[in-house]
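Data block below; observations after.
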Protein chains: 2
Amino acid sequence: MSITIQVNANLFLKDPKSSDIGLKMLKEGIDLINVLGFEAFTFKKLAQNIQSTEATIYRYFENKHSFLLYLINWYWEIIAYRLMLATANIEDPRLKLSNSIRVLTGLPDPAQFGFIAEELSLKQLVIQESGKALHTKSVDLENQDGIYLLYKSIVSTVATYVKQLNPTFPYPEMLISTLMENANQQRFFSVHLPRLTNSNPEKDAVEAFSQLIIQKVLE
Amino acid sequence: MSITIQVNANLFLKDPKSSDIGLKMLKEGIDLINVLGFEAFTFKKLAQNIQSTEATIYRYFENKHSFLLYLINWYWEIIAYRLMLATANIEDPRLKLSNSIRVLTGLPDPAQFGFIAEELSLKQLVIQESGKALHTKSVDLENQDGIYLLYKSIVSTVATYVKQLNPTFPYPEMLISTLMENANQQRFFSVHLPRLTNSNPEKDAVEAFSQLIIQKVLE
DNA sequence: CAAAAATAATAGTAATACTATCATGATTGA
DNA sequence: TCAATCATGATAGTATTACTATTATTTTTG
């Protein structure tokens, strides 16, 4: 059995997972963005890294911004897949929620079933760069194109468990999106501005914090 | 009485608050970034808007990135000032905390004492652009230069009240930085991706959500 | 094996993020 | 009041970026 994770077709001109050179773009692209930061990352540099040319990359992706959106969406696809696995065949909404919070805010375990090679570097990229993909003037257009459907459906699904547990809680979506976004933010802080957090790379406390919030708020 | 809010001197080459043209840069700069977004904002466009030249702006600010950092720091200075006002002469840590959460996560009231004209547009800018200032490869250098001292001191101060209220709570800084960052994020969602939140521009629920978290987590 | 498709190689463009130079106008202090 | 200083304006220039365009070459496929 092999798991193929498909990314929203509005995000590419030609599916990068359909060719060797496309796959290289993804793999090397993630690493290069992680090394250089998205601002200093260029298609020219990526082309050099994969022994190809700018023109070829432009045949796969409309521009640099789409490339970033593609990678972030890929990450969400992985998360959505993990969420599905983590909640399958479970009835108790408390357990469903707690497992979901683990997937959304915990660290991936390379030993777990179906671990995807790019997962760790992709997560790193999301922590560093996802804000730049979102906070642009084009966000409304992209939203119209369905780019954020997956993200919204993840929040909506997990918010359902919150509602089951506590039907009168007034902020279910807000609670989940807060914890999701915060997980990335706190991990950024833990590396660069450690005094803003109580988590650190040696002893990551992000999931524990998130589970505590959930428990206290819904009890 | 007039309040002068001073921004970290590492953030400018020549103090923009010391001249008419400098003040224009700030005022028009905020508006221009809000209209164009930081990516499309250039010193050339700003110069045209204030009937000046690129060269003059470069005599005040090292680059575009520093300009953004300057504006965000200015916002924090305002917040720090409001925090001080909101907690002065109050003994009860519960009330100190609740007032601080209002300052950090609520909406500014134009009718309040000492309201600063730029406060609303500056807040708008911070909601849209602050992530871009932080998530760069230069964050560690800037941190060394003390650019984030004010931000850290705000978190640290408010975390103190958390510790007073509940000395065994293990995540005081994390709790405060979570709610601070989240306030901006949720307001961005409420405009662009409303299904991710339960707040909206007509009935803003960000402060209520934040106060609820604080209350539930520390009770 | 020929046709089609994908990729490589190369060139070119407008805009950006600056740096540099010199002229001019305003301020100030002797 | 006049010269010196300083801030600003005007203008030019540069390397890089984010693309687009064209043509040649290689690879795939029926």
Side-chain angles (χ1 to χ4, degrees), chain A residues 9-29 32-33 35-71 129 132-133 135-138 141-142, chain B residues 9-29 32-33 35-72 129 132-133 135-139 141-142:
Chain A
N10 285 323
L11 285 169
F12 52 77
L13 301 173
K14 177 174 153 71
D15 183 0
K17 295 197 180 176
S18 71
S19 74
D20 274 6
I21 199 140
L23 288 168
K24 269 193 185 172
M25 282 174 207
L26 299 179
K27 202 167 142 36
E28 289 295 317
L32 202 56
I33 292 174
V35 169
L36 300 176
F38 186 64
E39 289 79 6
F41 166 83
T42 68
F43 278 177
K44 194 171 199 169
K45 291 173 189 165
L46 176 54
Q48 280 160 0
N49 267 261
I50 60 171
Q51 275 95 258
S52 182
T53 62
E54 262 184 294
T56 298
I57 300 174
Y58 275 105
R59 246 171 257 115
Y60 285 81
F61 297 99
E62 211 180 328
N63 51 45
K64 202 176 132 165
H65 179 67
S66 294
F67 186 67
L68 180 59
L69 282 176
Y70 180 97
L71 294 177
E129 316 293 351
K132 295 166 197 168
H135 291 88
T136 49
K137 287 285 160 185
S138 56
L141 282 173
E142 284 145 11
Chain B
N10 285 323
L11 283 170
F12 52 77
L13 300 172
K14 179 174 152 70
D15 184 0
K17 294 198 181 178
S18 70
S19 74
D20 274 7
I21 199 136
L23 288 168
K24 269 193 186 173
M25 283 175 208
L26 299 179
K27 201 168 142 34
E28 290 296 318
L32 202 55
I33 291 174
V35 169
L36 300 176
F38 186 64
E39 288 80 6
F41 166 83
T42 68
F43 279 176
K44 194 171 200 170
K45 290 172 189 165
L46 176 56
Q48 280 160 0
N49 267 259
I50 61 172
Q51 273 95 258
S52 182
T53 61
E54 262 185 294
T56 298
I57 300 175
Y58 275 105
R59 249 172 250 115
Y60 285 81
F61 296 99
E62 212 181 325
N63 51 46
K64 204 177 131 166
H65 179 65
S66 294
F67 185 67
L68 180 60
L69 281 177
Y70 179 97
L71 294 177
I72 291 170
E129 316 292 352
K132 295 167 198 169
H135 290 88
T136 50
K137 287 284 159 184
S138 56
V139 62
L141 282 173
E142 285 144 12

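So that the names make sense, note that chain A is the first sequence line, chain B the second, and so on, each numbered from 1.
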**Message:** Are more than 12 heavy atoms, taken from residues, nucleotides or ligands other than Glu62(B), located less than 6.0 Å from that residue's CD atom?
**Reply:** no

**Item:** His65(B)/Glu142(B) under side-chain hydrogen bond (donor to acceptor under 3.5 Å, both in side chains): CA gap, chis, key distance, verdict
**Value:** CA-CA 11 Å; His65(B) 179 65; Glu142(B) 285 144 12; 2.8 Å; yes

**Request:** With rounding to the nearest 0.5 Å, note down the distance linking CD in Glu28(B) to CG in Leu23(B).
**Result:** 12.0 Å

All N/O pairs under 3.5 Å across the protein-nucleotides 13-18 of chain D interface:
| residue | atom | partner | partner atom | Å |
| --- | --- | --- | --- | --- |
| dA18(D) | OP1 | Lys64(A) | NZ | 3.0 |

**Prompt:** Among residues 19-29 of chain B, which residues get a heavy atom nearer than 4.0 Å to DNA chain D?
**Reply:** Ser19(B), Ile21(B)

**Prompt:** Contact class for Phe61(A) vs. all strands (heavy atom < 4.0 Å): base, sugar-phosphate, or nothing?
**Reply:** nothing

**Message:** Could you tell me if Lys64(A) sits above the aromatic ring of Phe38(A), with its cationic atom closer than 6.0 Å to the ring centre and no more than 45 degrees from the axis?
**Reply:** yes

**Prompt:** So, are Glu39(A) and Lys132(A) salt-bridged, with charged N and O less than 4.0 Å apart?
**Reply:** yes

**Request:** Side-chain contact test, heavy atoms from C-beta onward, threshold under 4.5 Å: evaluate it for Met25(A) versus Ile21(A) and give yes or no.
**Result:** yes

**Given DNA chain D, 5'-ward residue of the pair Thr56(B) and Arg59(A), judged by closest heavy atom** = Thr56(B)

**Fill in**
OG (Ser138(A)) and CG (Asn63(A)) are apart, to the nearest 0.5 Å, by 8.5 Å

**Message:** Are there over 12 heavy-atom neighbours, none belonging to Lys44(A), within less than 6.0 Å of that residue's NZ?
**Reply:** no

**Fill in**
Contacted region of DNA chain C by chain A, from 5' end to 3' end of the hits, cut-off under 4.0 Å to heavy atoms, spans dA6(C) to dA9(C)

**Prompt:** Expressed in angstrom and rounded to an integer, what is the separation of Ile50(B) atom CD1 from dA10(D) atom P?
**Reply:** 12 Å

**Asked** What about Phe41(B) and Phe67(B), are their ring centers closer than 6.0 Å?
**Response** yes

**Request:** Answer yes or no: are there more than 12 heavy-atom neighbours, outside Lys27(A) itself, under 6.0 Å from its atom NZ?
**Result:** no

